[in-house]
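Below you'll find the structure, written out as structure tokens, and then a few comments.
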Amino acid sequence: MKRIVGGKDSQGGEWPWQVSIKLNGDHHCGGSLITDRWVVSASHCFKENNTTSNFSVLLGARKLSDPGPHSVTVGVSRIVPNPTYEGDLRTGDIALVELKEPVTFSHRIIPICVPDARVRFLPNQKCWVTGWGEVEGRDRLQTSDILQKLEVPIISTNTCNALYHQGSSEPKGTQDIKRDMICAGFAAGRQDACQGDSGGPLACRMGDSWLLAGVVSWGEGCAQKNRPGVYARVTYYQPWIHSVIPELKFTSVNTRSSNSASTVSFGLISIIISTVLLLQSLE
Ligand code: 4AZ
């Protein structure tokens with residue numbers, strides 16, 4: 001069966017921040033809704049053609065050929081690629097896309113939280129990449145009509161660099177994976193994001209929130225051994241995102257707030273024990 005590269009069909013409403021960025025009416029890239037007016041995507045999606053009038057954004061869809069009554073299509077008023085993007089270096093591969101009109105949230109259209117710069121995504125943490133990008137056919141690649149989902153573990157930058165050096169003629173000290181990138185996927189290959197997924201989310205669940213850890217950016221091929229997917233690291237770009245969208249609230253998740261239930265029960269137990277001790281001392 002043909003799948004994303006090793007992913008599964010998603011359910012309606014499962015990834016309500018996922019958008020399709022269309023160029024002249026055709027699916028071009030993925031993106032993530034972060035406010036009622038702004039979408040995060042990749043700079044390389046806009047490199048040849050950044051005329052806003054050629055782009056539109058489809059929200060609330062699962063099947064591109066039949067997006068259904070919960071979907072909406074909105075025009076684009078502004079495309080803001082990160083100013084450090086130069087193309088081949090792959091750095092700064094994150095762009096902000098402003099919608100012509102604000103969208104109304106629904107069960108199918110919900111923004112994803114943008115993490116504060118201090119939030120850390122740890123190696124082996126399981127996250128999800130989603131998109132309508134290339135699925136692996138027998139000898140050629142083909143995009144998917146139904147939004148695909150794939151669970152991918154975070155890979156540390158050191159490990160990712162070491163993997164990219166396997167079977168490569170590059171000098172040993174070369175750092176392929178820069179500080180503004182985050183890797184996720186499998187050394188064994190077989191499952192990965194691919195062309196057409198670009199700009200889409202690497203989403204990680206932390207406590208009760210879904211956070212945007214990365215933006216699908218590049219890789220050497222797709223789903224190849226020792227060549228995991230590389231994503232733009234959203235936390236690295238937090239100051240830049242803030243400068244473009246000052247009203248955006250960033251999410252800081254720490255172990256205390258994600259463990260609030262245990263903090264509350266610890267507090268309650270402490271009060272009960274103190275009360276018992278106090279009563280005993282009064283007898
Ligand atoms: C691309 O060409 C592309 N395997 C996107 C993601 C990946 C590779 C290539 C990740 O847009």
Side-chain angles (χ1 to χ4, degrees), residues 1-11 14-15 18 20-21 26-32 41-45 62-64 88 90-91 93-94 121-170 174-178 180-205 212-234:
M1 198 185 278
K2 290 177 182 173
R3 291 281 153 112
I4 187 183
V5 179
K8 288 194 189 116
D9 285 358
S10 66
Q11 305 297 308
E14 202 180 357
W15 311 101
Q18 173 85 50
S20 160
I21 298 183
D26 291 327
H27 172 77
H28 178 63
C29 270
S32 308
S41 186
S43 298
H44 84 257
C45 294
R62 176 178 96 101
K63 195 171 177 184
L64 289 180
D88 296 342
R90 295 161 168 165
T91 211
D93 198 7
I94 182 168
F121 298 96
L122 300 176
N124 297 319
Q125 180 179 350
K126 297 229 172 31
C127 300
W128 290 83
V129 59
T130 46
W132 288 279
E134 304 281 347
V135 293
E136 212 167 31
R138 227 166 274 155
D139 44 17
R140 67 192 180 108
L141 296 173
Q142 211 182 294
T143 52
S144 171
D145 190 31
I146 293 177
L147 182 65
Q148 299 291 297
K149 62 176 176 184
L150 174 68
E151 192 173 34
V152 283
I154 300 290
I155 298 177
S156 78
T157 299
N158 281 343
T159 304
C160 196
N161 262 310
L163 292 174
Y164 267 84
H165 276 97
Q166 304 247 348
S168 144
S169 55
E170 278 184 327
T174 321
Q175 298 286 308
D176 295 294
I177 313 304
K178 306 289 196 294
D180 71 327
M181 300 171 188
I182 182 167
C183 296
F186 303 94
R190 294 202 278 272
Q191 296 181 302
D192 194 7
C194 200
Q195 227 179 313
D197 295 319
S198 289
L202 174 66
C204 308
R205 198 187 162 130
L212 185 65
V215 175
V216 177
S217 175
W218 66 279
E220 217 177 279
C222 303
Q224 309 239 64
K225 194 177 161 201
N226 297 329
R227 299 293 185 269
V230 189
Y231 299 75
R233 189 185 282 273
V234 172

Here the pair of heavy atoms bringing Gly30 nearest to Ser41 is O-OG, 2.9 Å
Between the NZ atom in Lys8 and the CH2 atom in Trp128, the distance rounded to the nearest 0.5 Å is 6.0 Å
request  = Tell me, with the steps shown, if Ser198 and His44 meet side-chain contact (heavy atoms from CB on, under 4.5 Å).
outcome  = CA-CA 8 Å; Ser198 289; His44 84 257; 3.0 Å; yes
- Message: Between Val152 and Phe186, is there a side-chain heavy-atom distance shorter than 4.5 Å?
- Response: yes
Please step through side-chain contact (heavy atoms from CB on, under 4.5 Å) for the pair Trp218 and Met181, ending with a clear verdict.
CA-CA 10 Å; Trp218 66 279; Met181 300 171 188; 3.6 Å; yes
Heavy atoms of Gly131 and Gln18 approach each other most closely as N-OE1, 4.0 Å
dist Asn161:CG -> Cys183:SG (nearest 0.5 Å) comes out at 7.5 Å
message: Between Tyr231 (side chain only) and Gly200 (backbone N and O only), is there a donor and an acceptor less than 3.5 Å apart?
response: no
Between the NE2 atom in His27 and the CG atom in Leu64, the distance rounded to the nearest 0.5 Å is 6.5 Å
Here the pair of heavy atoms bringing Gly185 nearest to Ile155 is O-CD1, 3.4 Å
Legend entry - Backbone of Pro123 reached by a side-chain donor or acceptor of Ser156 within 3.5 Å: no
*asked:* Pair Thr174, His165 - check side-chain contact (heavy atoms from CB on, under 4.5 Å), show working.
replied: CA-CA 8 Å; Thr174 321; His165 276 97; 3.7 Å; yes
**Item:** Step-by-step side-chain contact (heavy atoms from CB on, under 4.5 Å) determination, Val215 to Asp93
**Value:** CA-CA 8 Å; Val215 175; Asp93 198 7; over 6 Å; no
Scanning both residues in full, the closest heavy-atom pair of Ala193 with Val216 reads CB-CG1, 4.0 Å
The reported gap from CH2 in Trp132 to CZ in Arg62 (rounded to nearest 0.5 angstrom) is 10.5 Å
* To do: Indicate yes or no: at least one non-hydrogen side-chain atom of Val230 is less than 4.5 angstrom from one of Ser217.
  => no
Taken to the nearest 0.5 Å, the spacing of Thr157 OG1 from Ile182 CD1 works out to 7.0 Å
In terms of heavy-atom contacts, Arg227 and Leu163 come closest through NH1-O, 2.9 Å
Correct closest heavy-atom pair for Cys194 and Val5 would be CB-CG2, 4.1 Å
The reported gap from CD in Gln166 to NZ in Lys225 (rounded to nearest 0.5 angstrom) is 8.0 Å
In the structure I gave you, are the side-chain heavy atoms of Ile154 and Leu202 within less than 4.5 Å of one another anywhere? yes
Tested for side chain to side chain donor-acceptor pair (under 3.5 Å) against Gln148, the lone hit among Thr143, Asp9, Asp197 is Asp9
